[in-house]
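Working notes, beginning with the structure itself.
Just so it is clear: chains get the letters A, B, ... in the order the sequence lines come, proteins before strands, and each one is counted from 1. These figures come from a predicted structure and were not determined experimentally.
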Amino acid sequence: MTSLPRADTTAQETRYPPSRSWLIGICLWPAFLAAGVASLLFFSGIDPETLRLQTMPHWEISRTAGYSIGFLMFWAVAALSSALSILLARPPQK
Amino acid sequence: MSAQPSSDSMYVAQEKIYPREIKGRYQTVRKFMVFLLLGLFYVTPWLRIEGNPAILFDLPARQFHILWLTFWPQDFVYLTLLLIVSAVALFYVTAIAGRVWCGYACPQTVWTEVFLWMEHWTEGKRAKRMKLDKGPWNAEKILRKTAKHALWLTFALWTGFTFVGFFVPIDDLLSRAMTFDLGPWETFWSLFYGFATYGNAGFLREQICLYMCPYARFQGAMFDRETLVISYDEARGEPRGGRKRGIDPKTRGLGDCIDCNLCVQVCPTGIDIREGLQYECIACSACIDACDQVMDKMDYPRGLVRYTTENALQGKPSRIIRPRTILYTVLLLALLAAGTTGLMLREPVRLDILTDRNTLYRETVEGLIENSFTFRLTNMSRDTQTFVFAADGPEGVMLETDPAQVTLTAGETRTLAARIQLDPIYARGRGGDDVTVTAQSIGEDTITGSETTRFRTPLGR
């Protein structure tokens, strides 16, 4: 009987972590996706212009700046969460 | 030996992959897809309909213009629906045809393909590229590398610029870019997207698929034994080995695989398809094209590496119609129907009626019952409209707004005072009647919106 051959990659053979840039990647990239979703949800309901008028009316910034700052803030927070997850997922080192 | 080895020692050195270029049926399809998808990306921001950009995600104005439709923040549900439809469509395609998304349509693959072309133009074929990288930094290497990066960077910057062109009208953006008059955020996002393209398509390439793509990890859950996969026919190919043309492999105890390694050299993720189904495989079919070429040269039938299913390899029939695909079809059709219906019924005018909370009703000197309201009207069409109002309800209901007509530009919202009067002899309900108010654009029959409110009348008559 022929069966579809499968690659024998086991967890032992896979080095962790594959590279340092991989760590940076898996920290920033999921955070980027999450920040995108968060911005979409947040800004579809809340106009940054209204938010500015209600909080810092003297700070003259455009909507574009509001969206951008919002996105970058979400990204930073999500990246922080990713970074903590990576740290905790690491086997403790002696 | 140092007591504390540098943490770098535990990392595996990433080996650079030099995919060999290949021509063939599937590569022609992939090339076509590159032109189609990137063509759409680079051309779309320039398209116009009646003078307006055909597609513009106008974030500063909080409006999305898509062809003839304009979407507002309150239309968020359609965006959600679109994302769900896209996800279900991806599951559907994956269940039937495996990772065709990865091989033919994923932006990562498509842009990488273009960057590989540019690498090929400047640094030459695979062997030449490998030699160039190994060789010393002589004039030729510097020239070729500079040319490659100059091409890559130009293309990447244009990509970033085009990306911002989806959010800001691109002709305006271009004229301002020419005079170095871009806003700080326009500059930031152009460069951000540009460098992301440069890094992802130029350097990271298959590593994005291997290490960063969530889809690559969960697509296995959508696979079954009837999903199309790219596979090497082990029964036919093994035992592999070199031989001269025209020799019957059976006389040498060999299978059809001549072990030329071409399928490995063309693979953009650097795997050997003969080792079986691997999560690294992005189903680009380069190995199929490579192997078919060799089979043609050897006068063997094509398809030693081919699109097949797990069932087919075991000689069982493969069905396209099966519970999983039926479920996805039903789900997809239902979602599409819901979305289309919603879009068709969407009103181009939004009217909110706020009742006066201070007084329930008032009696005028003529003996009519009067309620006061505040109307909030938003013009969600693309042009300036002048609206008049009408009320419908119990017989003889009268509506008066102040002002009587209101002209709103596209996207404008205005509030206005309104009074509704009714002769109490026509009051039907106990304590109130439903009144429907309609805002109608003068001269545009289709631009209308209505809202029903409660008209309060005295109790106990």
Side-chain angles (χ1 to χ4, degrees), chain A residues 1-11 13-37 39-52 60-72 75 82 86 90-91 93-94, chain B residues 7-8 10-14 58-62 71-77 79-80 83 167-168 183-186 188-189 192 196 199 203-204 207-208 210-214 225 229 231-236 238 271-281 308-315:
Chain A
M1 190 187 89
T2 56
S3 100
L4 198 67
R6 289 200 181 268
D8 298 313
T9 30
T10 56
E13 286 166 28
T14 321
R15 299 283 284 273
Y16 181 89
S19 71
R20 189 170 282 169
S21 51
W22 174 79
L23 282 180
I24 299 170
I26 63 160
C27 173
L28 291 183
W29 172 240
F32 181 86
L33 293 179
V37 175
S39 305
L40 221 82
L41 287 172
F42 185 79
F43 288 121
S44 70
I46 291 163
D47 183 352
E49 191 64 16
T50 325
L51 200 65
R52 179 184 73 86
E60 297 234 346
I61 55 161
S62 65
R63 271 212 184 106
T64 312
Y67 290 125
S68 300
I69 293 167
F71 175 80
L72 294 176
W75 195 9
S82 286
I86 291 168
R90 260 188 150 166
Q93 287 172 349
K94 281 181 189 170
Chain B
S7 62
D8 273 318
M10 45 187 279
Y11 300 126
V12 187
Q14 257 319 316
D58 193 349
L59 288 177
R62 290 178 73 75
F71 293 90
W72 306 86
Q74 51 266 38
D75 295 324
F76 182 70
V77 59
L79 185 62
T80 317
L83 293 177
F167 301 92
V168 179
W185 289 107
E186 288 162 354
F188 173 78
W189 289 116
F192 182 93
F203 299 93
L204 292 171
Q207 296 185 42
I208 299 283
L210 300 190
Y211 300 120
M212 279 159 78
C213 177
R225 304 182 61 84
V229 290
S231 182
Y232 164 67
D233 193 338
E234 204 178 355
R236 186 186 142 190
E238 299 295 316
I271 56 168
D272 186 343
I273 192 69
R274 294 170 299 178
E275 285 171 15
L277 194 63
Q278 292 149 78
Y279 93 94
E280 290 95 333
C281 172
T308 183
T309 70
E310 213 165 336
N311 271 354
L313 276 178
Q314 298 185 357

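If you measure heavy-atom distances from Leu204(B) to chain A, you find no contacts under 4.5 Å at all. Proximity to chain A is absent for every atom of Ile208(B), based on heavy atoms less than 4.5 angstrom apart. Residue contact with chain A, scored on non-hydrogen atoms closer than 4.5 Å, involves the side chain of Phe192(B) exclusively. With a threshold of 4.5 angstrom between heavy atoms, Pro214(B) approaches chain A through side-chain atoms but not through N, CA, C or O.
Looking only at heavy-atom pairs under 4.5 Å with chain A, the residue among Trp72(B), Phe76(B), Phe167(B) that has the most is Phe76(B).
Arg52(A) pairs by the side-chain contact (heavy atoms from CB on, under 4.5 Å) definition with Glu49(A), Ile61(A), not counting sequence neighbours. Partners of Asp75(B) according to the salt bridge (Lys or Arg N to Asp or Glu O under 4.0 Å) rule, which considers only residues two or more places apart in sequence or in another chain, are Arg346(B). Applying the side chain to side chain donor-acceptor pair (under 3.5 Å) criterion to Ser68(A), with sequence neighbours excluded, gives Trp189(B).
When the heavy atoms of residues 28-36 of chain A are compared with those of chain B, the residues falling under 4.5 Å are Trp29(A), Phe32(A), Leu33(A), listed by number.
Considering all non-hydrogen atoms of both residues, Ile273(B) and Gln278(B) come closest at CA-NE2, 4.2 Å. Residues Thr308(B) and Leu313(B) come closest through the heavy atom pair CG2-CG, 3.9 Å. The nearest pair of heavy atoms linking Ser39(A) to Phe71(A) is OG-CD1, 3.3 Å.
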* Is there a side chain to side chain contact (heavy atoms under 4.5 Å, CB included) between Leu40(A) and Leu83(B) once you walk through the steps? -> CA-CA 12 Å; Leu40(A) 221 82; Leu83(B) 293 177; 4.2 Å; yes
* Between Phe43(A) and Arg63(A), does a side chain to side chain contact (heavy atoms under 4.5 Å, CB included) hold up when you go through it step by step? -> CA-CA 10 Å; Phe43(A) 288 121; Arg63(A) 271 212 184 106; over 6 Å; no
